[in-house]
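To keep things clear, I will list the structure first and then write my remarks on it.
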Amino acid sequence: MPELPEVETIRSDLDRHLRGKMIADFDVCDRRLLSIPQEARWKSIVPGRSIAGFRRRGKYLIADLSGGWRIIWHLRMTGQLVMGTPAPEARYRLRIQFDDAPALCFYDQRRFGEVWLLAADQGWPSRAPLGPDAVDELARDYFVRLVKQRTTRIQALLLDQRLIAGVGNIYAQEALFKASIRPNRPARRVTVQEANRLYDALSETLQTAIARRGSTSRNYRDAYGQAGMAQLIHQVYRKGGLPCPRCGTTLRQTRVGGRGTVFCPDCQR
DNA sequence: GTCGATGTTATCAA
DNA sequence: TTTGATAACATCGA
């Protein structure tokens, strides 16, 4: 589910409501998420700390706590972070409670999502370093250079978090359509002009999606539990077999690097 | 009932 | 370096 625009929407919602609040307590409903010893460690560190703010790096969401501690989430496919009291039948994985703010509940149907509690000097959850954030840090010349030097297919390049952080399968497809580039093109065969067009398309696609509070095609919800609006302007994502919005040719569904993708065989070369 | 696909990513073999 | 397969898991639709 959540790519950069979705995580950014959640981040800004949580930052608005929970910045400066003190964590009263938390509870865990899923041993797969936190083992008994991990929970004990959390219990000794987390309650009583206040939240300095929420940040985002790629698809990771970071809560900065007092004392330099950080709680970091990766929502993977179906993770949700929603403020408020969970419905009685709702199966949340982790709930963080505040005395003077709504509880923050982590839901995750497929249970791929992860959470970490790290001290200031404990580095980062993933071993492989993240590339520059697609919205906050991606320089045009770095992007064009990357495209020209990689042999992998252009869509796989966009999805590789070590190269660029935050782009997922929805926005990669949308940006490639906007830039009229076929997803399976070897990156280095993309011209400098096209790479520049793709840079603009990617940036515009992500910014627009943030303004529309993310894409809800299935599970995604913002921190209020509401759906996003960016799915209403998708041009190709999950639209295989429908006419191309630009030229009317039937959109084709295929696979690139193990991921499903849709493109217009006429507009995208 | 079965099969394949779904927004992610780490890991391993080739 | 890159690719493809696999594994985490639950649900939906054909």
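Naming: A, B, ... by sequence-line order, numbering from 1 per chain.
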Problem set entry | Whole angstrom value for the distance that separates C1' of C/dT1 from CG of A/Leu163 | 11 Å

Exercise. Quick one: does A/Leu176's side chain get under 4.5 Å of A/Val236's, heavy atoms only?
Worked result: no

Seminar exercise, completed: Side-chain atoms of A/Ser126 come closest, of B/dT9, B/dT6, B/dA10, to B/dA10

For this session: Using a cut-off of strictly less than 4.0 Å, decide whether A/His74 has a side-chain nitrogen or oxygen near OP1 or OP2 of B/dT9.
Result: yes

Exercise. Of all the choices, B/dT6, C/dT3, B/dA10, which nucleotide is nearest to the side chain of A/Arg238 once you look at every atom?
Worked result: B/dT6

Exercise. What's the spacing between A/Ile71 CD1 and A/Ile23 CD1 if we round to 0.5 Å?
Worked result: 4.5 Å

For this session: Could you check which of C/dT2, B/dA10, B/dT6 has an atom nearest any side-chain atom of A/Thr152?
Result: C/dT2

For this session: Tell me what A/Gln173 touches on the nucleic acid: a base, only sugar-phosphate, or nothing, going by heavy atoms under 4.0 Å.
Result: nothing

Exercise. Rounding to a whole Å, what distance do you find between A/Leu130:CG and B/dT9:P?
Worked result: 9 Å

Problem set entry | From B/dT9, C/dT3, C/dA10, nucleotide with atom closest to A/Lys59 side chain | B/dT9

For this session: Taking A/Tyr199 for its side chain and A/Leu138 for its backbone only, find out whether a donor-acceptor pair lies under 3.5 Å.
Result: yes

For this session: Name the nucleic acid region contacted by A/Gly168, choosing base, sugar-phosphate or nothing; use a 4.0 angstrom heavy-atom cut-off, strictly under.
Result: sugar-phosphate

Problem set entry | Phosphate-side-chain proximity, A/Arg150 and C/dT2, N/O vs OP1/OP2 below 4.0 Å | yes

Exercise. A/Gln253 has a side chain; which of C/dA8, C/dT3, B/dT6 sits nearest to it?
Worked result: B/dT6

Exercise. What's the closest nucleotide to the A/Tyr237 side chain, out of B/dT9, C/dT1, B/dT6?
Worked result: B/dT6

Exercise. Do the side-chain N and O atoms of A/Asn219 and A/Thr78 include a donor-acceptor pair separated by under 3.5 angstrom?
Worked result: no

Problem set entry | Whole angstrom value for the distance that separates C1' of B/dT8 from CZ of A/Arg162 | 14 Å

Problem set entry | A/Arg127 side chain near B/dA10 phosphate (N/O to OP1/OP2, under 4.0 Å) | no

Exercise. Taking the same atom, P, in C/dA5 and in B/dG4, what whole-Å distance lies between them?
Worked result: 13 Å

Problem set entry | Gap between atoms CD and P, on A/Glu3 and B/dT6 respectively (whole Å) | 13 Å

Problem set entry | Side chains of A/Asp133 and A/Leu4 in contact at under 4.5 Å (non-hydrogen atoms) | yes

For this session: Could you walk me through whether A/Val7 and A/Tyr60 pass the side-chain contact (heavy atoms from CB on, under 4.5 Å) test, one step at a time?
Result: CA-CA 7 Å; A/Val7 180; A/Tyr60 289 85; over 6 Å; no

Problem set entry | Donor-acceptor contact below 3.5 Å, side chain A/Arg49 vs main chain A/Ser66 | yes

Problem set entry | Rounded P spacing from C/dA8 to B/dG1 in Å | 24 Å

For this session: Determine the Euclidean distance between corresponding P atoms of C/dT6 and B/dC3; express it in Å to zero decimal places.
Result: 15 Å

Exercise. Does a nitrogen or oxygen in the side chain of A/Thr151 sit under 4.0 Å from OP1 or OP2 of C/dT2?
Worked result: yes

Problem set entry | Rounded distance (Å) that lies between atom P of C/dG4 and atom CD of A/Gln155 | 13 Å

Problem set entry | Phosphate OP1/OP2 of B/dT9 contacted by A/Gln161 side-chain N/O (<4.0 Å) | yes

Exercise. Side-chain N or O of A/Arg255 less than 4.0 angstrom from OP1 or OP2 on B/dT6?
Worked result: yes

Problem set entry | 5' precedence on DNA chain B between A/Leu159 and A/Arg110 (nearest-nucleotide basis) | A/Arg110

For this session: Write down the distance between CG (A/Leu75) and C1' (B/dT9), rounded to a whole number of angstrom.
Result: 14 Å

Exercise. Quick one: A/Phe112 CZ to C/dT6 P, roughly how many Å, whole number?
Worked result: 15 Å

Problem set entry | Distance, rounded to the nearest Å, where A/Arg57 contributes CZ and B/dT9 contributes P | 13 Å

Exercise. Which nucleotide in the list C/dT11, B/dA10, B/dT8 gets nearest to the side chain of A/Gln109?
Worked result: C/dT11

